[in-house]
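Structure first, then comments.
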2 protein chains.
Amino acid sequence: MDMPASSGVSAQCRKIGKVLAIVGDKWTVMIVRVLVQRPHRFNELKRTIGGISQQMLTRTLKALERDGMVNRTVHPTVPPQVEYALTSLGQSLAVPVHALGVWAGEHLAEIEQNRARYDDDRNV
Amino acid sequence: MDMPASSGVSAQCRKIGKVLAIVGDKWTVMIVRVLVQRPHRFNELKRTIGGISQQMLTRTLKALERDGMVNRTVHPTVPPQVEYALTSLGQSLAVPVHALGVWAGEHLAEIEQNRARYDDDRNV
DNA sequence: CTGAATCCTCGAGGATACTG
DNA sequence: CAGTATCCTCGAGGATTCAG
């Protein structure tokens with residue numbers, strides 16, 4: 001918000017930057033990828049993901065809800081049941097994210113080889 | 001590296017996580033998107049991107065070089081000229097990243113509307 | 001069970017000065 | 001011009017406790 005963004009390149013980069021601000025954090029993608037299969041309840045989500053604190057799960061879900069990516073449905077039972085499901089917007093995001101996942105599967109090994117080689121060349 | 005990753009979901013998520021660790025930082029995507037057009041020199045890159053410190057540019061470029069995403073070519077002239085160019089690996093990454101950019105262009109406005117509405121509903 | 005509130009750590013990212 | 005080195009800030013993320 002501080003640059004003139006004179007060229008179209010910058011403008012497009014800002015947009016990507018904003019999306020990465022959503023998607024680039026540690027947990028958003030994992031949550032989306034779990035929810036894209038079927039709706040989940042809070043602790044179910046927590047167990048499925050594994051390694052996330054309830055704090056961060058709450059925060060990330062709230063952020064996703066604010067962005068209109070997930071719907072939060074409270075069933076007024078006892079004990080309370082809260083179900084999280086992807087909206088159509090959230091599902092549409094899952095598409096390019098999945099593309100990234102495919103790319104990861106295809107090239108991650110190569111990247112790690114590159115790293116190892118790079119580190120070798122420097123350490124010997 | 002601490003979870004059994006019993007299901008394939010987790011395994012795939014780890015991979016995406018690693019890619020996001022590369023792509024998810026503040027500058028990598030912008031650099032890739034600039035370099036995908038044509039190779040750039042250091043300060044040229046710095047000016048084109050705008051708002052990045054030389055420190056972070058150096059760090060990010062070095063990380064990208066380590067991952068085999070960019071080639072660093074030193075022309076032994078005076079003053080020194082260093083040219084950075086995407087490798088084929090880097091160019092292949094630009095594809096899903098661009099897909100994310102397209103998604104951003106299509107849905108960012110909607111997201112920001114969702115946010116505004118969400119915040120309104122809470123503040124009134 | 002689903003959160004909200006609090007406290008703490010750690011590293012990404014920035015600013016600045018110096019070097020070859 | 002193209003870095004390297006140093007210091008600093010700030011917030012993401014985790015751990016724990018309390019509440020409805």
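Below, each value reflects all heavy atoms present in this structure, side chains not excepted, and no hydrogens, waters or symmetry copies. Quick caveat, the model's predicted, so the values are computed rather than measured. In the text below, chain A, chain B and the rest are named by the order of the sequence lines, each starting its count at 1.
Comparing atom distances between the A:K26 side chain and each of D:dT4, D:dA2, D:dG13 picks out D:dG13 as nearest. When each of D:dG14, D:dA2, C:dG3 is scored by its nearest atom to the side-chain atoms of A:Y84, the top-ranked nucleotide is C:dG3. When distances are taken from the side chain of A:Q55 to each of C:dG3, D:dA15, C:dG13, the shortest belongs to D:dA15. Residue B:P80 has its side chain nearest to D:dA2 when only D:dA2, C:dG3, D:dG3 are considered. If you check D:dC1, D:dT4, C:dT2 against the side chain of B:K62, the one that comes closest is D:dT4. Closest to the side chain of A:D25, out of D:dG3, D:dC1, D:dG13, is D:dG13.
As a whole-Å value, the separation of B:R41 CZ from D:dG3 C1' is 13 Å. The CZ-P distance, from A:R59 to D:dG13, rounds to 8 Å in whole Å. Atom pair B:M56:CE and C:dG11:C1' shows a separation of 11 Å (rounding to whole Å applied). The CD atom of A:E65 sits 15 Å away from the C1' atom of C:dA4 (whole-angstrom rounding). The distance from atom CG of A:L57 to atom P of C:dG3 is 9 Å, rounded to the nearest whole Å. Atom CZ of B:F42 and atom P of C:dG20 are 18 Å apart (whole Å). If you measure from atom NZ of A:K46 to atom P of C:dG3, you get 13 Å, rounded to the nearest angstrom. The separation between B:Q54 atom CD and C:dG13 atom C1' is 12 Å, rounded to whole Å.
In this structure, CD on A:E110 lies 7.0 Å from CD on A:Q113, to the nearest 0.5 angstrom.
Annotation: of the two residues near DNA chain D, B:T58 and B:R47, the 5′-most nearest-nucleotide partner is B:R47. Map B:I52 and A:V82 each onto its nearest nucleotide of DNA chain C; the residue landing nearer the 5' end is A:V82.
For the side chain to side chain contact (heavy atoms under 4.5 Å, CB included) with B:H40, the qualifying choice from B:I31, B:L45, B:V70 is B:L45, the only one to do so.
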Tell me, with the steps shown, if A:E112 and B:K18 meet side chain to side chain contact (heavy atoms under 4.5 Å, CB included). CA-CA 10 Å; A:E112 283 170 349; B:K18 291 187 179 181; 3.1 Å; yes
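Remark: side-chain polar atoms of B:H107 are not paired, donor with acceptor, to backbone N or O of B:G105 under 3.5 angstrom.
Using a 4.5 Å cut-off on side-chain heavy atoms (C-beta onward), B:I111 and A:V19 make no contact.
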